[in-house]
Amino acid sequence: MNRARWTTAFVGLAWVISLISSGAITAGNILSLHDVVPVAVDWNHDGSLDLLVSTREGYVYALLTQDGLEKADFTAVHPLLYADAGATETITHSWEWITPRFDATDWNGDGLLDLLIADSSRTIIYYQRQRNADGDLILASPTILRFSDGTPLGYPICWERTQALAMRIVDWNMDGKNDLALGEDECYYLKNHGTSTTPKFIRPIDWTSSNWCVESGVFEKYELFGLSGGCAVPNVVDWDNDGRLDVICGLAWRFSTSDETVGFIIYRRNEGTNSPPSFPDESVDPWSSMFLRSDPHRDFIRQGEYSVPYASDVDADGWADLFLGGDGPLRLYMRNAGKELELVWELSEIHY
């Protein structure tokens, strides 16, 4: 597929790619797309893939399209709001030093996309999507997701770490219910023991001790695999189209010989099944097989000091493409005819 690259302009010391869509978007505000968390979904349920991004300030913006995301042609840009006692409030979840991680999915099985945000309290905040009396889509007031015993769903408070909680929602064991993939220093899995309309998560046994990674369910351990770094943002997707769900994970990769971190993307191929998965030993040949490349002969895909990827089939060709946020501009990589990743566009800001 032939794709035109967006032209770049050098401003000061930074490459800035500015987009003003013809017609619907007028230049009045500027949204920085440096250090954002991307999520690609059909947010307004019109059949076209849109983009949601969270910012360092803690806001979540909807970047709407009419023709999908192969071109960064956004017809409307607005911050997400929620309804509260007849008024509307802007959704804000700011962390001290990092952009809040979030995901959007039909959490309660009613056919509408909901919003879930990893809060700075290291718990997951849920905004349910509803229709008001006029039939318009709105987000309800936030609630804290909880384990079946009533404790907040998230990482244990006793973990006194500075890493940010990240989560992605996926039906990993293919039972029709939303499960959770969590990321911090490692990647973890939480199975939904409830239903598709009423998710239920059991608090890990002995949550406050070093032996807490024990479950009697699908997996023997919650930990999927360890990582040499932090700020892990897992994406669960069938990356190689073999019918098994793999993990594409952004992180701040830490070299053993220094304190330097690099925003590589980890690709862990599932060599087991979807229940349970099995990942190869990363120590065998990590540099050739573990880090994601644009193609086998090019450099590793990276994003500053930490990366935040989101995998989605943008052009509906059956192969997952890759949005890349984190420490740098927002980028879209798509699979070309050879199924290798090709940079299609990148944006540092948009005017709207």
S.K.: Which heavy-atom pair separates Pro100 from Val37 by the least distance, and what is that distance?
M.R.: O-CG2, 3.6 Å
S.K.: Could you label the plane-to-plane angle of the Phe201 and Trp107 rings as parallel, tilted or perpendicular, counting under 30° as parallel and over 60° as perpendicular?
M.R.: parallel
S.K.: Given side chains that start at C-beta, do those of Leu145 and Leu116 come closer than 4.5 Å, heavy atoms only?
M.R.: yes
S.K.: Do the side chains of Ile202 and Phe147 get nearer than 4.5 Å, heavy atoms only?
M.R.: no
S.K.: Between Val53 and Pro38, what is the shortest heavy-atom contact and its length?
M.R.: CG1-CA, 4.2 Å
S.K.: Could you please spell out the steps behind the side chain to side chain contact (heavy atoms under 4.5 Å, CB included) verdict for Leu63 and His78?
M.R.: CA-CA 7 Å; Leu63 284 59; His78 61 80; over 6 Å; no
S.K.: Quick one: pull up CD in Glu70 and CG in Leu332 and give me the separation to the nearest 0.5 Å.
M.R.: 8.5 Å
S.K.: Under a 4.5 Å side-chain heavy-atom rule over Ile, Leu, Val, Met, Phe, Trp and Tyr, are Ile144 and Ile117 clustered together?
M.R.: yes
S.K.: Using 0.5 Å steps for rounding, measure from the OG atom of Ser348 to the NE2 atom of His34.
M.R.: 8.0 Å
S.K.: Under the 3.5 angstrom rule, does the side chain of Trp95 hit a backbone N or O of Glu57 as a donor-acceptor pair?
M.R.: no
S.K.: Less than 4.5 Å apart, side chain to side chain, heavy atoms only: is that true for Phe323 and Val314?
M.R.: yes
S.K.: Taking C-beta and beyond as the side chain, do Leu51 and Val39 meet within less than 4.5 Å on heavy atoms?
M.R.: no
S.K.: Any sub-3.5 Å donor-acceptor pair from Asn274's side-chain atoms to Asn173's backbone N or O?
M.R.: no
S.K.: Could you state the interatomic distance from CD1 (Ile138) to CZ (Arg131), rounded to the nearest 0.5 Å?
M.R.: 10.5 Å
S.K.: Do the side chain of Asp179 and the main chain of Asp171 share a donor and acceptor less than 3.5 angstrom apart?
M.R.: no
S.K.: I need the Glu349 CD to Leu33 CG distance, nearest 0.5 Å.
M.R.: 8.0 Å
S.K.: Counting only heavy atoms not in Gln66, do more than 12 fall under 6.0 Å of its CD?
M.R.: no
S.K.: Do Val170 and Met174 share a hydrophobic cluster, counting only Ile, Leu, Val, Met, Phe, Trp and Tyr and linking them when any side-chain heavy atoms are less than 4.5 Å apart?
M.R.: yes
S.K.: Could you tell me whether Asp242 and Arg244 make a salt bridge, using a distance below 4.0 angstrom between a side-chain N and a carboxylate O?
M.R.: yes
S.K.: Going from OH on Tyr352 to CZ on Phe74, what distance comes out if it is rounded to the nearest 0.5 angstrom?
M.R.: 13.0 Å
S.K.: Heavy atoms, side chains only, cut-off 4.5 Å: are Asp317 and Lys339 in contact?
M.R.: yes
S.K.: Please check this pair: side chain of Asp84 against backbone of Ala87, looking for a donor-acceptor N/O pair closer than 3.5 Å.
M.R.: no
S.K.: On a heavy-atom basis, which atom in Arg129 and which in Asp114 lie closest, and how many Å separate them?
M.R.: N-OD1, 2.7 Å
S.K.: Do you know the tightest heavy-atom contact between Ala181 and Val236?
M.R.: CB-CG2, 4.0 Å
S.K.: Measure the spacing between CG of Asp119 and CD1 of Ile124 and express it to the nearest 0.5 Å.
M.R.: 10.5 Å
S.K.: Testing Phe102, Tyr59, Tyr82, Tyr127 one by one against His93 for a ring-ring contact (aromatic ring centres under 6.0 Å, His included), which residue passes?
M.R.: Tyr127
S.K.: Between Leu330 and Trp345, does the side chain to side chain contact (heavy atoms under 4.5 Å, CB included) criterion hold? Intermediate values first, please.
M.R.: CA-CA 8 Å; Leu330 178 62; Trp345 54 255; 4.1 Å; yes
S.K.: If only atom types and distance count, is the side chain of Asp134 paired as donor or acceptor with the main-chain N or O of Asp136 below 3.5 Å?
M.R.: no
S.K.: Can you confirm whether the side chains of Asp321 and Tyr310 place a donor and an acceptor under 3.5 Å from each other?
M.R.: no
S.K.: Using modelled atom types and a 3.5 Å cut-off, is there a donor and acceptor pairing between side-chain atoms of Ser307 and backbone atoms of Leu324?
M.R.: no
S.K.: Can you check whether Leu113's main-chain N or O pairs, donor with acceptor, with Asp106's side chain at less than 3.5 Å?
M.R.: no
S.K.: Between Thr65 and Ser48, do the side chains contain an N or O donor and an N or O acceptor separated by less than 3.5 Å?
M.R.: yes
S.K.: Go through it in stages, so that I can follow the logic: the residues are Leu341 and Ile301, the test is side chain to side chain contact (heavy atoms under 4.5 Å, CB included), and I'd like the CA-CA distance, side-chain angles, deciding distance and then a yes or no.
M.R.: CA-CA 9 Å; Leu341 287 171; Ile301 296 176; 3.6 Å; yes
S.K.: Are any of the side-chain heavy atoms of Thr99 and Ser54 separated by less than 4.5 Å?
M.R.: yes
S.K.: One pair to check against salt bridge (charged side-chain N to carboxylate O under 4.0 Å, His left out): Lys71 and Asp73. What are the steps and the verdict?
M.R.: CA-CA 5 Å; Lys71 295 182 180 180; Asp73 188 12; over 6 Å; no
S.K.: For residues Leu64 and Asp50, report the shortest heavy-atom separation together with the two atoms involved.
M.R.: CA-OD1, 3.4 Å
S.K.: Under a single-linkage definition using a 4.5 Å side-chain heavy-atom cutoff for Ile, Leu, Val, Met, Phe, Trp and Tyr, are Trp319 and Val344 assigned to the same hydrophobic cluster?
M.R.: no
S.K.: Strictly distance-based, threshold 3.5 Å: is any side-chain N or O of Thr90 a donor or acceptor partner for the main-chain N or O of Leu81?
M.R.: no
S.K.: Got Asp110 and Gln130 here, is their nearest side-chain heavy-atom distance under 4.5 Å?
M.R.: no
S.K.: Any idea which heavy atoms bring Arg268 and Asp246 closest together, and the distance?
M.R.: O-CB, 3.4 Å
S.K.: Indicate yes or no: does Asp240 engage Arg269 in a salt bridge with an N to O separation below 4.0 Å.
M.R.: yes
S.K.: So, the side chain of Arg56 versus the backbone of Val36: is there a donor-acceptor pair under 3.5 Å, distance only?
M.R.: no
S.K.: Would Asp149 and Thr151 count as having a side-chain donor-acceptor pair, cut-off 3.5 Å?
M.R.: yes
S.K.: Checking Asn192 side chain against Asn178 main chain: does a donor-acceptor pair fall under 3.5 Å?
M.R.: yes
S.K.: When you compare the side chain of Leu153 with that of Leu180, does any pair of heavy atoms fall below 4.5 Å?
M.R.: yes
S.K.: Could you walk me through whether Asn270 and Val247 satisfy the side chain to side chain contact (heavy atoms under 4.5 Å, CB included) test, starting with their C-alpha distance in whole Å, then the side-chain angles of each, then the deciding distance to 0.1 Å, before giving a yes or no?
M.R.: CA-CA 8 Å; Asn270 181 5; Val247 174; over 6 Å; no
